[in-house]
Amino acid sequence: LNQQSPRNRYVTDRDLLAYKNLCSSRSYMPLAMELAYLCRLRANEVYSLKIEHVLNDGLRIFRGKGSMGEITLWTPRLRKAVEDCLNWNKCIRGVSILSPWILHDRKGCKYTMSNHKSQC
């Protein structure tokens, strides 16, 4: 087995920007990473966000692994990140599909961890 020890390194805004600059302009990963960074989400939690989780007060987060969920209050940056995700298929990929997911593929399906791993 390939065992890795846990990492406790804080990802800075600078680190996130450097990662985004490495991504293709056609990749959804910068959008997913922005949500993960702003809301402290795991990848599968990002891909599980639905449009119904967008509330007046903020973004309703459902945590995995037994953690309690919460509402992350709106900041201008979080609001922009969610809007960018909602516009992803329509603006960047030319697809307009009704989908319950904040971030979804061309068919309106949520991204999976398999999709995520193939992008990394």
Side-chain angles (χ1 to χ4, degrees):
L1 294 187
N2 182 12
Q3 296 287 331
Q4 288 186 339
S5 59
R7 292 168 266 163
N8 288 323
R9 185 178 157 303
Y10 177 75
V11 176
T12 65
D13 280 344
R14 185 177 174 185
D15 295 332
L16 184 63
L17 182 61
Y19 174 81
K20 287 179 179 182
N21 288 335
L22 291 173
C23 290
S24 162
S25 62
R26 296 176 304 185
S27 175
Y28 61 88
M29 289 301 289
L31 301 170
M33 292 300 295
E34 182 75 0
L35 282 176
Y37 181 74
L38 295 174
C39 299
R40 301 181 301 97
L41 298 172
R42 296 175 181 96
N44 61 332
E45 295 167 346
V46 170
Y47 303 131
S48 294
L49 289 172
K50 292 184 173 182
I51 293 171
E52 67 189 47
H53 300 149
V54 177
L55 309 174
N56 289 334
D57 295 339
L59 187 60
R60 177 78 171 112
I61 305 295
F62 292 94
R63 301 281 178 187
K65 296 191 174 187
S67 299
M68 291 188 60
E70 76 268 354
I71 295 174
T72 301
L73 299 178
W74 290 121
T75 64
R77 187 172 171 184
L78 178 57
R79 194 173 295 277
K80 182 179 180 332
V82 170
E83 288 172 5
D84 288 348
C85 289
L86 292 173
N87 290 324
W88 167 244
N89 283 329
K90 181 175 64 174
C91 295
I92 301 199
R93 303 179 82 191
V95 177
S96 182
I97 292 178
L98 291 177
S99 174
W101 309 105
I102 287 180
L103 193 58
H104 59 86
D105 67 13
R106 291 179 190 204
K107 297 177 183 174
C109 300
K110 77 175 188 173
Y111 287 110
T112 64
M113 287 308 295
S114 178
N115 300 129
H116 175 82
K117 290 176 182 177
S118 71
Q119 289 287 308
C120 295

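Bear in mind that the values here come from a model prediction, so they are computed numbers and not experimental data. Just the heavy atoms: all of them, side chains too, but no hydrogens, waters or symmetry mates, feed the values below.
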Subject >> Option among I71, L49, V46 that satisfies the side-chain contact (heavy atoms from CB on, under 4.5 Å) test with I61 >> reply: L49
Original post:
Does L17 share a hydrophobic cluster with Y10, counting links as ILVMFWY side-chain heavy atoms below 4.5 Å and allowing steps through other members?
Top reply: no
Subject >> Partner residues of L86 under the side-chain contact (heavy atoms from CB on, under 4.5 Å) criterion, sequence neighbours left out >> reply: I51, V82, I102
Original post:
What are the two closest non-hydrogen atoms of S27 and P30, and how far apart are they?
Top reply: O-CD, 3.4 Å
Original post:
Just wondering, do L73 and L59 contact through their side chains at under 4.5 Å, heavy atoms?
Top reply: no
Original post:
How would you list, by chain and number, every residue that makes a side-chain contact (heavy atoms from CB on, under 4.5 Å) with K80, sequence neighbours excluded?
Top reply: D84
**OP:** Search all heavy atoms of Y47 against all heavy atoms of L103 and return the closest pair with its distance.
**Re:** CE2-CD2, 4.2 Å
**OP:** Could you tell me the separation between the OH atom of Y28 and the NE2 atom of H104, rounded to the nearest 0.5 Å?
**Re:** 13.0 Å
Original post:
What residues form a side chain to side chain donor-acceptor pair (under 3.5 Å) with E83, not counting sequence neighbours?
Top reply: none
**OP:** List the atom of H53, the atom of S48, and the distance in Å for their closest heavy-atom pair.
**Re:** CE1-O, 3.7 Å
Original post:
Roughly how far, to the nearest 0.5 Å, is the CG atom of L78 from the CG atom of L35?
Top reply: 7.0 Å
**OP:** Measure the CZ-CD distance between F62 and E70 for me, rounded to the nearest 0.5 Å.
**Re:** 10.5 Å
Subject >> Considering all heavy atoms, the nearest C109-W101 contact >> reply: C-CD1, 3.9 Å
Original post:
With E34, which residues qualify under side-chain contact (heavy atoms from CB on, under 4.5 Å), at least two apart?
Top reply: L16, K20, L38, R77, A81
Original post:
Is the backbone of D13 close enough, under 3.5 Å, to the side chain of Y37 for a donor and an acceptor to pair up by distance?
Top reply: yes
Original post:
Nearest heavy-atom pair of S99 and G108: which atoms, and what distance?
Top reply: OG-O, 2.6 Å
Subject >> Listed partners of D15 passing side chain to side chain donor-acceptor pair (under 3.5 Å), at least two apart >> reply: R9, T12
Original post:
What is the minimum heavy-atom distance between L55 and W74, and which atoms define it?
Top reply: O-NE1, 2.9 Å
**OP:** With sequence neighbours excluded, tell me which residues meet side chain to side chain donor-acceptor pair (under 3.5 Å) with T72.
**Re:** none
Subject >> Partner residues of N21 under the side chain to side chain donor-acceptor pair (under 3.5 Å) criterion, sequence neighbours left out >> reply: none
**OP:** Not counting sequence neighbours, list each pair that qualifies as a salt bridge (charged side-chain N to carboxylate O under 4.0 Å, His left out) and has a residue in residues 44-61.
**Re:** R42-E45, E45-R63
